[in-house]
Amino acid sequence: MDILSNLNPQQKQAVTAGDGRVLVLAGPGSGKTRVLTRRVAYLIEHMQVPSYGILAMTFTNKAAREMKARVETMLGPNARGLWVGTFHSVCARILRQQVAHLPFSSNFVIYDADDQKRLMKQVLKDLAMDEKTNRPASMLNYISHAKNNLVLPDEFTPTNYRERIVKPVYERYQNMLQVNNALDFDDLLLWTVRLLADNAEVRERYAHGFQHILVDEFQDTNMVQYEILKLLSYANGNLFAVGDEDQSIYRWRGADYRNVMRFEEDFPNCQKILLEQNYRSTQLVLDAAQGVINQNSNRTPKHLFTQNARGAQVILHEADDDQGEAQYVVDSIRRQMRNGAKGSDFAIMYRTNAQSRRFEEAFLHAGMSYTIVGAQRFYGRREVKDIIAYLYLIHNPADELNLSRVINVPPRKIGGKSQENLAIAARDAGLRQQAVLLDLAQHKDKSPYWARMGRGAPALTNFGRLLNKWQTKAATEELPALFDTILEDIGYHMHLDDGTEEGESRWENVQELRKQAYEYRERGLSEFLENLALVSDQDTMQDNGDSPTMLTLHASKGLEFSQVFITGLDEGLLPHSRSFDDPEEMAEERRLLYVGMTRARKQLYLVRAEQRFTYGQPSYSQPSRFLAYIDEDLIQQDGTKKSGLRFSSSFTSASSWEKPASKSKRWTSNTTSWRRKSKSANEDAPRKAPPMRSEPIRKKKETDGAWNLKRRTLNKPAAKQTSKRAPTAAPRAVDTQYKAGMKVSHAKFGPGEVRESGFDETGEEVVKVYFSEQDREIKILTSFAKLDIIE
DNA sequence: TTGGTCCATCTTTTT
DNA sequence: GATGGACCAA
């Protein structure tokens, strides 16, 4: 196969670019993966770069796997030796290789978000700090931020009150990580930079080893990651970055799309190549998506075009509530599947995982299968994490976080008091808790610690015996055997088997984990654990044959589907209310929608619901402001009221309340609630609105309560027939200076009449004025253009 | 020490 | 409507 076949001129230019820095800005669907893989092949075949001299960095293991597989199909055995991996896995690998230069030992473990939180809670407890006022998540945020800026605790100089509180927490947190011989995700990157920056010899070795470095999704790199790339490429200067500012959606994780601009500043001589031809979508989908993204500034303007057909209009549907929303989506899919469409043609996307529930219910009700990405993380499940914790204990005796997690799971009479005794005894003796346990196991009541353990001594001794047994076994036996021994010794099956369906499914998850352990029987415990820590759910997304896929907008990046439903296009959800008071966050929400829209090959649906349950409470919302940026001509409304028989009788008052049909109407309806997360609006809504359905009070959860509940909701759309739409008037946060009906005058456009006034996301007042001389409505930013009030 | 019950709090997104 | 924490009875 010819490496350069089927490439357009820009793609070819990128693939064949010579040495040096190359920045490829690749719009959605522009063949970026193709460019990357061909580039690797080109380097090996035409530029005589040995495969082991190439490093390709991605963000997900899935992307890494795919890239590797594609290169292998092109080059066969020549591809062997290629380094392809996620930033985190590559860093973990480097750190293990160079562990001698680092302040931890080679069997370090990696703490995931869940572990971090548990550790943070411990830290706060140790420091006698209140969890309510010092939220663990918030503390971790500060710390993550610091680490992303390469700041370790002793370099952390507080500049405000909050940071003064954070500092000791950060110190202790980091210290605890070290004591546990553990690294968090940020540490993997941070220590790699430290290693390379402080250690000339090591740096030389890698920087000369990697003759060419390629990065995917460059817009999602954070500062540390960019630093790593610079350090690794400094010797040869061959850095090939592919990205798209418009698809940067990981700001909250430290990603900074401005790295794209920095790249150009740092390397003024770099080659910059734009890929603008789209091979995925219809022109109409592209136009709609660009309407949204063009509202953003700070980006390289791109003009996406395609040779594909113009395509069908975007279908907009406004449902009465979240159940109706789900019903609409599932009905649409079912109808088309009856006409021969494949289930896998469809994707349902949403902003938050919580929204998936309604769709699951609707699918179940319709008797259709579905695939769901993420949501309940497999590795995040309690039973799975418990077993992994046991393995961690064996692998890394220093890990006391995981020890405390499972020392009493299943319950073995080692309660809080006993654990405290153990911790104190260990601290006084300057030993690890595990060492104390092992000593107890060995010497029983002759152990110097026996007496100090009080009533818990026998239980602790037993546990020490187990630990000892497992550790011996780990040295001699293969992983699956060890796995089974642990399960048996702790009676985990019994523990999970509580007669419920849930218990059964938990046990199945443990079995699934065991299957994976079996696959690692050759590579062993250490690699198994590292893999577990660095694998995400997208990576494990199994192809569920031919069923529709449900996933978050974030998870949709890099994928494509024939038909895409983007749901929950409501103020507060998309854009999410958390982004209301930060323009940068708002811009990211826009990108998120843009990413979702550009996943569609043929048909795009935008769906919303006026009312939905949040926190189990009904709440109302306005249409997403983003809808207003999509040209009306590109949209076709698919109304509920006419076609939706389900609700024809249920909303008697509906007809009297006209749906906003035009853009301008939609735009107005937002104005009241834009200003901020209108706390008042959210608090008021449920109070003003009579309860939507009278929920029978469930006094206690029966064993099958969950199932009952599910069935009840599924069979009862009727419950809402009694409901009435409550007026959705949200209180006005701040009054606009201009009011509808005012006569104004503009220097250039002449006299006009104000039609609407509201605030945009930055809090600027925006008015829509009808100018008679122009015979059109014009949107005006009042702080910008001067408008004189005439009357 | 355990297991139950009640309560508050919450949720963006994930390597 | 889920989860984690606090509290209490056995």
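Proteins come first, then strands; the chains are lettered A, B, ... in the order of their sequence lines, and each starts at number 1. Because only heavy atoms are used, hydrogens play no part in the values below, and waters and symmetry mates are left out as well, while side chains stay in. All values reported here derive from a predicted model rather than from experimental measurement.
- A:Lys125 meets the side chain to side chain contact (heavy atoms under 4.5 Å, CB included) test with no other residue; sequence neighbours excluded.
- Applying the 6.0 Å contact sphere to NE2 of A:His145 captures no more than 12 heavy atoms from other residues, nucleotides or ligands.
- With respect to A:Arg506 and A:Asp386, no salt bridge is recorded, no charged nitrogen being found less than 4.0 Å from a carboxylate O.
- Remark: A:Tyr142 engages no residue in a ring-ring contact (aromatic ring centres under 6.0 Å, His included) (not counting sequence neighbours).
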N/O to N/O distances under 3.5 Å, protein versus nucleotides 1-4 of chain B:
| residue | atom | partner | partner atom | Å |
| --- | --- | --- | --- | --- |
| B:dT1 | OP1 | A:Gly415 | N | 3.3 |
| B:dT1 | OP1 | A:Ser418 | N | 3.4 |
| B:dT1 | OP1 | A:Ser418 | OG | 3.0 |
| B:dT2 | OP1 | A:Lys413 | N | 2.7 |
| B:dT2 | OP2 | A:Asn408 | ND2 | 2.9 |

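- Distance, A:Arg253 CZ to B:dT15 P: 6 Å, rounded to whole Å.
- Remark: A:Arg96 qualifies as a cation-pi partner of A:Phe108 under the 6.0 Å distance and 45° angle criteria applied to the six-membered ring.
- Heavy atoms of A:Tyr615 sit under 4.0 angstrom from at least one base atom.
- Comparing A:Ala354 and A:Phe185 along DNA chain B, the residue whose closest nucleotide (by nearest heavy atom) sits nearer the 5' end is A:Ala354.
- Rounded to the nearest Å, the gap between the P atom of B:dT13 and that of C:dG4 is 16 Å.
- Taking 4.0 Å as the cut-off between side-chain N and carboxylate O, A:Lys32 and A:Asp216 count as a salt-bridged pair.
- Between A:Arg135 and the phosphate of B:dC10, there is a side-chain N or O to OP1/OP2 separation shorter than 4.0 Å.
- For the pair A:Tyr250 OH and B:dT15 P, the computed distance is 7 Å after rounding to whole Å.
- The phosphate of C:dA2 has OP1 or OP2 within less than 4.0 Å of a side-chain N or O from A:Arg357.
- Considering only residues two or more places apart in sequence or on other chains, A:Phe185 meets the ring-ring contact (aromatic ring centres under 6.0 Å, His included) condition with A:His88.
- For the pair A:Arg93 and A:Trp83, the cation-pi criterion (under 6.0 Å, within 45° of the ring axis) is fulfilled.
- Rounded to whole angstrom, the span from the NE2 atom of A:His554 across to the P atom of B:dT13 amounts to 9 Å.
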Please list, pair by pair, any protein nitrogen or oxygen found under 3.5 Å from a nitrogen or oxygen in nucleotides 4-7 of chain C.
| residue | atom | partner | partner atom | Å |
| --- | --- | --- | --- | --- |
| C:dG5 | OP1 | A:Lys121 | NZ | 3.0 |

Side-chain atoms of residues 449-464 of chain A: list all donor-acceptor pairs with protein atoms under 3.5 Å, sequence neighbours left out, distances to 0.1 Å.
| residue | atom | partner | partner atom | Å |
| --- | --- | --- | --- | --- |
| A:Arg452 | NH2 | A:Asp428 | OD2 | 2.8 |
| A:Thr461 | OG1 | A:Ala457 | O | 2.7 |
| A:Asn462 | OD1 | A:Arg465 | NH1 | 3.0 |

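- The phosphate of B:dT14 (OP1 or OP2) has no side-chain N or O of A:Thr60 nearer than 4.0 angstrom.
- What separates CG of A:Asp322 from P of C:dG1 is a distance of 10 Å, to the nearest Å.
- Protein atom CZ of A:Phe613 is 18 Å distant from nucleotide atom C1' of B:dT11, rounded to whole Å.
- The side-chain ring of A:Phe87 is not stacked on the base of B:dT15, judged by centre separation under 5.5 angstrom and plane angle under 30 degrees.
- Atoms CG (A:Asn61) and P (B:dT15) sit 9 Å apart, rounded to a whole Å.
- Under the 3.5 Å distance criterion, the side-chain polar atoms of A:Asp115 are matched with a main-chain donor or acceptor of A:Asp112.
- Following rounding to the nearest Å, A:Gln617 (CD) and B:dA8 (P) show an atom-to-atom distance of 14 Å.
- Look at A:Asn353 and you'll find a side-chain N or O under 4.0 angstrom from OP1 or OP2 of B:dT13.
- When the P atom of B:dT14 is taken as reference, atom CD1 of A:Ile249 falls 9 Å away, rounded to whole Å.
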